[in-house]
Visitor: 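A single structure is presented below for examination.
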Amino acid sequence: MPYSSVRGVEHYYQWITQSQLNASGEHYPTSKPILVFVHGWAGSARYWESTAIALTHEFDCLLYDLRGFGRTRLLKSPHRDLDYELHTYADDLALLLDTLGINQITINAHSTGASIAVLFLNRYPHRVNRAILTCNGIFPY
């Protein structure tokens with residue numbers, strides 16, 4: 001299972017592509033656009049697997065688990081720069097994309113993930129080609 005360190009937290013991520021993965025879990029680059037999926041509260045990347053599989057003819061799909069969800073664990077000792085504010089999760093996504101060398105994405109997000117995506121769009125508009133946001137609200141959680 002591939003992980004990438006973001007602010008000291010090992011974030012689980014998964015590529016779903018037509019060309020599939022090599023043994024280390026790294027992505028084989030293609031010319032397809034990248035579609036990033038962001039799950040909702042109490043969810044995980046597993047939520048998006050069947051959707052991503054259905055879209056591999058047009059996209060290379062990147063799924064990941066938000067900090068504290070699914071296969072992305074929290075640090076055993078608190079990190080002073082990490083909180084559970086939605087804008088912090090938006091910044092986590094930007095750092096994950098940086099780590100993976102990804103500049104431009106299309107984003108598909110649901111529920112709390114869609115609220116995070118809206119903040120990502122506001123903070124990093126130059127990185128997003130399109131966004132699909134479902135069941136979201138922009139209000140204090």
Visitor: Let me confirm one number: the NE2-OG distance from His11 to Ser5, rounded to the nearest 0.5 Å.
Guide: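 If we round to the nearest 0.5 Å, His11:NE2 and Ser5:OG are 9.0 Å apart.
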Visitor: Any donor and acceptor pair, going by atom type alone, linking the side chain of Gln14 with main-chain N or O of Asp65 inside 3.5 Å?
Guide: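 No.
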Visitor: Please tabulate, for side-chain N and O atoms in residues 90-102, each donor-acceptor pair with protein atoms closer than 3.5 Å (sequence neighbours left out).
Guide:
residue : atom : partner : partner atom : Å
Asp91   : OD1  : Arg123  : NE           : 2.9
Asp91   : OD1  : Tyr124  : OH           : 2.7
Asp91   : OD2  : Arg123  : NH2          : 3.1
Asp92   : OD1  : Arg7    : NE           : 3.0
Asp92   : OD1  : Arg7    : NH2          : 2.9
Asp92   : OD2  : Arg67   : NE           : 2.9
Asp92   : OD2  : Arg67   : NH2          : 3.1
Asp98   : OD1  : Arg127  : NH1          : 2.8
Asp98   : OD1  : Arg127  : NH2          : 3.0
Thr99   : OG1  : Leu95   : O            : 2.9

Visitor: Out of curiosity, His110 NE2 to Ile132 CD1, how far, rounded to the nearest 0.5 Å?
Guide: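 It is 13.0 Å, given to the nearest 0.5 Å.
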Visitor: Under the rule for side chain to side chain contact (heavy atoms under 4.5 Å, CB included), what residues qualify as partners of Ala117, not counting sequence neighbours?
Guide: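 Side chain to side chain contact (heavy atoms under 4.5 Å, CB included) list for Ala117, sorted by chain: Ile107, Ala109, Leu133.
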Visitor: Check ring pair (Phe, Tyr, Trp, His ring centres under 6.0 Å) between Tyr89 and all other residues, then give those that pass, not counting sequence neighbours.
Guide: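 With neighbours one apart ignored, the set is empty.
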Visitor: Quick check: closest heavy atoms across Ala52 and Leu63, and the distance to 0.1 Å?
Guide: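 Smallest interatomic distance, heavy atoms only, reads CB-CD1, 3.8 Å.
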Visitor: Tell me, which pairs form a salt bridge (charged side-chain N to carboxylate O under 4.0 Å, His left out) where one or both residues lie in residues 43-54, sequence neighbours left out?
Guide: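 For residues 43-54, and leaving out neighbouring residues, there are no salt bridge (charged side-chain N to carboxylate O under 4.0 Å, His left out) pairs at all.
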Visitor: Nearest 0.5 Å please: distance from the CG atom of Leu74 over to the CG atom of Leu82.
Guide: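 Answer for the CG-CG pair, Leu74 versus Leu82, is 9.0 Å.
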Visitor: Which atoms form the tightest heavy-atom contact between Asn136 and Ser111, and what is the distance?
Guide: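 Closest approach of Asn136 to Ser111, heavy atoms only: CB-O, 3.7 Å.
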Visitor: Please confirm whether the backbone N or O of Cys61 pairs with a side-chain atom of Lys32, one donor and one acceptor, at under 3.5 Å?
Guide: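 It does not hold such a pair.
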Visitor: Please step through side chain to side chain donor-acceptor pair (under 3.5 Å) for the pair Asp60 and Thr17, ending with a clear verdict.
Guide: CA-CA 5 Å; Asp60 286 341; Thr17 67; 4.7 Å; no
Visitor: So do Ile16 and Phe59 actually touch side chain to side chain, heavy atoms under 4.5 Å?
Guide: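 Phe59 vs Ile16: side chains apart.
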Visitor: Under the side-chain contact (heavy atoms from CB on, under 4.5 Å) rule, what do Val38 and Leu66 come out as? Steps first, then yes or no, please.
Guide: CA-CA 8 Å; Val38 186; Leu66 295 168; 4.1 Å; yes
Visitor: Which distance, rounded to the nearest 0.5 Å, do you find between the OH of Tyr64 and the OH of Tyr13?
Guide: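 Tyr64 atom OH to Tyr13 atom OH measures 14.0 Å (nearest 0.5 Å).
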Visitor: Please round to the nearest 0.5 Å and tell me the distance separating atom CG of Leu35 and atom CG of Leu55.
Guide: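 It is 6.5 Å, given to the nearest 0.5 Å.
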Visitor: What is the distance from atom CG of Leu119 to atom CG of Leu86, rounded to the nearest 0.5 Å?
Guide: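 Spacing of CG (Leu119) from CG (Leu86) equals 6.0 Å.
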Visitor: What residues, two or more places apart in sequence or in another chain, satisfy ring pair (Phe, Tyr, Trp, His ring centres under 6.0 Å) together with Tyr12?
Guide: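 Expected list: Tyr3.
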Visitor: Carefully, step by step, assess Leu62 and Trp15 under the rule side-chain contact (heavy atoms from CB on, under 4.5 Å).
Guide: CA-CA 5 Å; Leu62 175 63; Trp15 285 104; 3.8 Å; yes
Visitor: In chain order, what residues pass the ring pair (Phe, Tyr, Trp, His ring centres under 6.0 Å) check against His39, with sequence neighbours excluded?
Guide: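 Result, ring pair (Phe, Tyr, Trp, His ring centres under 6.0 Å) vs His39: Phe69.
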